[in-house]
> 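Below you'll find the structure I mean.
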Protein chains: 2
Amino acid sequence: MPRAATTSDAFNAVAEPRRRQILSYLALRERPVGDIVETLSLDQPSVSKHLRVLRRVGLVRVRCEGRHKFYRTNAEAIRPLHEWAGTFERYWQHQLLSVKKRAEEKMTKLNSDFDPINPKEKP
Amino acid sequence: MPRAATTSDAFNAVAEPRRRQILSYLALRERPVGDIVETLSLDQPSVSKHLRVLRRVGLVRVRCEGRHKFYRTNAEAIRPLHEWAGTFERYWQHQLLSVKKRAEEKMTKLNSDFDPINPKEKP
DNA sequence: TTGACATATTCCCATATAAGTATGTATTGT
DNA sequence: ACAATACATACTTATATGGGAATATGTCAA
């Protein structure tokens, strides 16, 4: 089986760096496609294709006005990602404490074993 | 050009649902590969391959002990993801407010236009 | 209507999968 | 030494991709 489709969920959709750029750009305010093309220096068909993926997973919304289509980020669709990653917050906090503790132990060890005035390294 | 490699960054690595499962499982405490295989009902080679991907992007760490290899989630590596998604927090909060406001406007409109005692819908 | 403009779609292709199967490697117990 | 255990790797295959180029669709303006 190949990789899951980019359109299968937000996780797969935002795996592409260009799509993350587009989402950041469109979060500020709605923009026509041409603005994305210029600002991010991408080919127009490429942008259209990325936007289609983002549309399918609900990460962007469109508002049509004449021959322009204004896209904007639907930030709500990014929340599940944020929340999934957030479930690990307590673990990385814990890990930071562990690292700190180990560092302190190391310092203690250094302070007792190692004399900075008369170093024993490479004697 | 094909899709970026799953090993190119955390975003691509966690796009796979099984790898997210593995990360959640290994966040609680370190586990040997066999435990993952049993608990998540996956084939052993499949788990090994997922773990290789996760290792390459630093999402898991290994501790070897005899013929066992204990894997654990390196939650630190999930932080960038959390932080990227977090940059949209103010936008979805704003969007929630907008939705709320529009809903209230709608209610106001309904309350003035629409008489619940003598409805005009489908007369 | 005709042409210019904005955006979307189609086609082609090199490439990276993920699952399944089989095999390789290292370590332990007897 | 040998078998068993734990894990990793190699190989095959169907499939989805992203970029580029060309083309299609849709809308406005003169």
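A quick note: this is a predicted structure, and the numbers were derived from the prediction, not measured. First the proteins, then the strands, lettered A, B, ... as listed; each starts at 1.
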> Measure from CD on A:Glu65 to P on C:dA6 and round the result to the nearest Å.
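Answer to the nearest Å: 14 Å.
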
> Sub-3.5 Å donor-acceptor pair from the side chain of B:Asp43 to the main-chain atoms of B:Pro45, do we have one?
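A pair under 3.5 Å: no.
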
> Separation of A:Asp43 atom CG from D:dA21 atom P, in whole Å?
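Checked: the CG to P distance equals 7 Å.
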
> Return a single string for nucleotides 7-12 of chain C, one symbol per nucleotide in 5' to 3' order, where B is base contact, S is sugar-phosphate-only contact and - is none, cutoff 4.0 angstrom on heavy atoms.
BBBB--

> Near DNA chain D, which residues from residues 1-22 of chain B have a heavy atom under 4.0 Å away?
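B:Met1, B:Pro2, B:Arg3 - these, ordered by number, are the residues of the stretch whose heavy atoms sit under 4.0 Å from the strand.
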
> Please confirm whether the backbone N or O of B:Arg61 pairs with a side-chain atom of B:Asn74, one donor and one acceptor, at under 3.5 Å?
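It does not hold such a pair.
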
> Relative to the 5' end of DNA chain D, which residue comes earlier, A:Gly66 or A:Leu42, by the nucleotide with the nearest heavy atom?
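By nearest-heavy-atom nucleotide position, the 5'-most residue is A:Leu42.
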
> Between A:Ser48 and A:Gln44, do the side chains contain an N or O donor and an N or O acceptor separated by less than 3.5 Å?
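Distance-only check passes for A:Ser48 and A:Gln44.
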
> Looking at A:Asn12 and B:Ala15, would you say the former's side chain and the latter's main chain have a donor-acceptor pair under 3.5 Å?
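Pair found, side chain donor or acceptor close to backbone of B:Ala15.
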
> If you take all heavy atoms of A:Phe88 and B:Leu23, which pair is closest and at what distance?
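Looks like CE2-O, 3.5 Å.
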
> Quick one about B:Tyr91 and A:Thr73 (side-chain donor to acceptor, distance below 3.5 Å, no hydrogens or angles considered), yes or no?
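Checked: A:Thr73/B:Tyr91 side chains show no N/O donor-acceptor pair below 3.5 Å.
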
> Taking the side chain as C-beta and beyond, is there a heavy-atom pair between A:Pro17 and A:Arg20 under 4.5 Å?
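Touching, per the 4.5 Å side-chain cut-off.
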
> Which residues pass the salt bridge (Lys or Arg N to Asp or Glu O under 4.0 Å) test with B:Glu89, sequence neighbours left out?
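Scan of B:Glu89 (salt bridge (Lys or Arg N to Asp or Glu O under 4.0 Å), adjacent residues dropped) gives none.
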
